[in-house]
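Treat the numbers as computed from the prediction; the structure is a model and nothing was measured. Only heavy atoms go into these numbers, but all of them, side chains included; no hydrogens, no water, no symmetry mates.
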Amino acid sequence: PGLRTLRLPSLRRDEVGALTAQVLGGRVRPVTVTALHAATHGNPGLLHDLLVDGGLADLLGPAGSGRPLGRTQAVLPGSGLARLRQATRDAWQALDLDLADELCRLSTWAGLAAETAPAWATQLLLSGRPAQGLAVLDAADQRLPETVLARALLLALGVRRSAEAVELLATAAKEGGQAATRLLAVRAWLLAVDGQADATADALDGVAPGTDREAYVFTLAARGVIAAATGEPNTAVAHLRRALLCARTCGGGQPWLTPYLTASLIDALVRAERISEATTTAADFHSGKRGCGWRIAVAIADLLAPAARRASAPMEPAR
């Protein structure tokens with residue numbers, strides 16, 4: 001009798017920042033504050049679990065600030081791990097690379113390295129850090145299709161070892177499994193962006209996407225790339241429109257596909273002199289609004305630039 005229960009609202013982002021700075025005894029990077037708020041939803045108990053019981057304060061504080069996350073491991077309750085896992089997934093799907101990078105570091109430190117590695121490695125590729133991405137993949141299960149796919153992207157687009165990437169995908173696909181078709185579809189797309197039209201056609205002959213929507217997206221993207229490269233922009237537009245529609249609805253582990261396909265579609269429309277459609281498609285995309293994917297499209301364009309130059313270069317006369 002006489003007992004009152006106070007239901008406290010969740011901590012705001014600035015309150016999480018203030019408390020974290022107080023615990024650490026110094027300034028905290030804004031992206032770290034955002035990551036901690038996303039991982040805890042402002043729950044003071046979970047924040048305490050991360051900073052105090054989990055030992056993150058020692059790692060981020062003055063004595064441990066020079067050590068990268070991941071060298072030690074926290075012990076978090078199931079609810080804390082679930083929220084951290086979901087926050088990491090949400091940041092990656094939203095293509096917020098800075099926040100996703102910080103959350104992946106937190107997830108790795110909390111013992112989720114194996115399941116986080118493929119997405120984190122792809123983020124590092126898009127951020128221009130392929131060598132770090134390859135190192136991150138060492139913590140993942142090398143047999144998983146997600147790991148194979150991420151490693152192939154890093155090899156082909158990050159460190160320019162396309163032949164090795166193509167062989168890796170072909171070998172993994174031979175082992176069978178539900179993801180074999182997807183791996184073959186990614187292989188066809190990598191051949192296409194590398195300018196190997198004949199090899200792409202042969203590779204596509206061996207792909208039957210069936211119900212794998214992500215495989216279907218990659219096959220359409222490959223056909224679109226080849227059509228654009230061979231002077232058939234209207235055909236490229238048809239393939240890329242279908243690929244973009246499917247990518248927007250299938251979800252999956254490659255959220256960068258939507259901005260990549262949007263940029264490719266705009267380019268194909270311009271080549272086909274369908275300026276009005278290109279302008280409409282680019283209305284929000286080129287504005288650079290948060291979450292529109294413009295940064296991702298630019299990053300992928302930079303990764304694909306060397307292959308695009310090779311594909312468009314005139315052939316030398318036979319000697």
Side-chain angles (χ1 to χ4, degrees), residues 92 95 97 117-138 140 142-175 179-204 206-207 209 212 214-229 240 243 247 252-261 263-264 267 296-313:
W92 174 222
L95 293 172
L97 295 186
W120 193 11
T122 308
Q123 293 162 36
L124 289 168
L125 170 66
L126 295 173
S127 299
R129 295 178 284 169
Q132 292 181 39
L134 288 169
V136 162
L137 284 177
D138 291 340
Q142 304 303 309
R143 299 165 298 177
L144 289 178
E146 294 82 3
T147 306
V148 174
L149 198 156
R151 187 175 294 280
L153 293 175
L154 283 154
L155 288 173
L157 306 181
V159 295
R160 312 299 174 201
R161 286 151 55 184
S162 297
E164 186 178 341
V166 168
E167 181 62 28
L168 173 67
L169 291 167
T171 301
K174 286 179 182 177
E175 297 178 1
T181 299
R182 188 180 316 159
L183 297 176
L184 290 175
V186 175
R187 177 176 178 269
W189 176 73
L190 287 178
L191 288 168
V193 298
D194 199 43
Q196 302 183 48
D198 292 340
T200 302
D202 292 339
L204 287 171
V207 180
D212 191 322
E214 196 169 295
Y216 182 59
V217 171
F218 274 108
T219 57
L220 288 172
R223 295 184 192 280
V225 169
I226 294 301
L240 292 170
Q254 308 299 328
W256 57 268
L257 273 172
T258 297
Y260 160 70
L261 291 168
S264 300
D267 182 65
I296 304 301
V298 171
I300 295 173
D302 289 342
L303 290 170
L304 296 178
R309 285 195 293 270
R310 288 196 303 272
S312 61

Only pairs under 3.5 Å count here: list side-chain donor-acceptor contacts from residues 143-157, not counting sequence neighbours, and write none if there are none.
residue: R143; atom: NE; partner: D141; partner atom: OD1; Å: 3.1
residue: R143; atom: NH2; partner: D141; partner atom: OD2; Å: 3.3
residue: T147; atom: OG1; partner: D141; partner atom: O; Å: 2.9
residue: R151; atom: NH2; partner: Q142; partner atom: OE1; Å: 3.0

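- Here the side chains of V217 and L261 are in contact, with some heavy-atom distance below 4.5 Å.
- The side-chain contact (heavy atoms from CB on, under 4.5 Å) search around A180 returns A173, not counting sequence neighbours.
- The nearest pair of heavy atoms linking P130 to L125 is CB-CD1, 4.3 Å.
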Do any side-chain atoms of residues 297-304 form donor-acceptor pairs under 3.5 angstrom with protein atoms, and if so which ones, sequence neighbours left out?
none

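- Counting all heavy atoms, side chain and backbone alike, L184 lies closest to G206 at CD1-O, 3.8 Å.
- Checked against side-chain contact (heavy atoms from CB on, under 4.5 Å), E175 has no partners two or more places apart in sequence or in another chain.
- Residues passing the side-chain hydrogen bond (donor to acceptor under 3.5 Å, both in side chains) test with W92: none are found, sequence neighbours excluded.
- Put simply, the side chain of L220 reaches to within 4.5 Å of the side chain of Y216, judged on heavy atoms.
- Separating the OG atom in S127 from the CG atom in L97 is a distance of 4.5 Å, to the nearest 0.5 Å.
- Among all heavy-atom pairs drawn from L204 and A188, the shortest one is CD2-CB, 3.7 Å.
- Residues satisfying the salt bridge (charged side-chain N to carboxylate O under 4.0 Å, His left out) criterion with R187, sequence neighbours excluded, are absent altogether.
- Residues passing the side-chain contact (heavy atoms from CB on, under 4.5 Å) test with A185, sequence neighbours excluded: V207, A215, F218, T219.
- Residue L126 holds its CG atom at 8.0 Å from CG of L95, rounded to the nearest 0.5 Å.
- Scored by the salt bridge (charged side-chain N to carboxylate O under 4.0 Å, His left out) test, E167 finds no partners at all (sequence neighbours excluded).
- With sequence neighbours excluded, the residues that form a side-chain contact (heavy atoms from CB on, under 4.5 Å) with A199 are L191, Q196.
- In terms of heavy-atom proximity, A221 sits nearest to W189 at CB-CD1, 3.8 Å.
- By the side-chain hydrogen bond (donor to acceptor under 3.5 Å, both in side chains) test, E164 is found to be paired with R161, residues two or more places apart in sequence or in another chain being considered.
- Summarising the geometry of T181 relative to P209, their closest heavy-atom pair is CG2-CA, 3.6 Å, with the distance given to 0.1 Å.
- For A121 against V136, the heavy-atom pair with the smallest separation is N-CG1, 4.3 Å.
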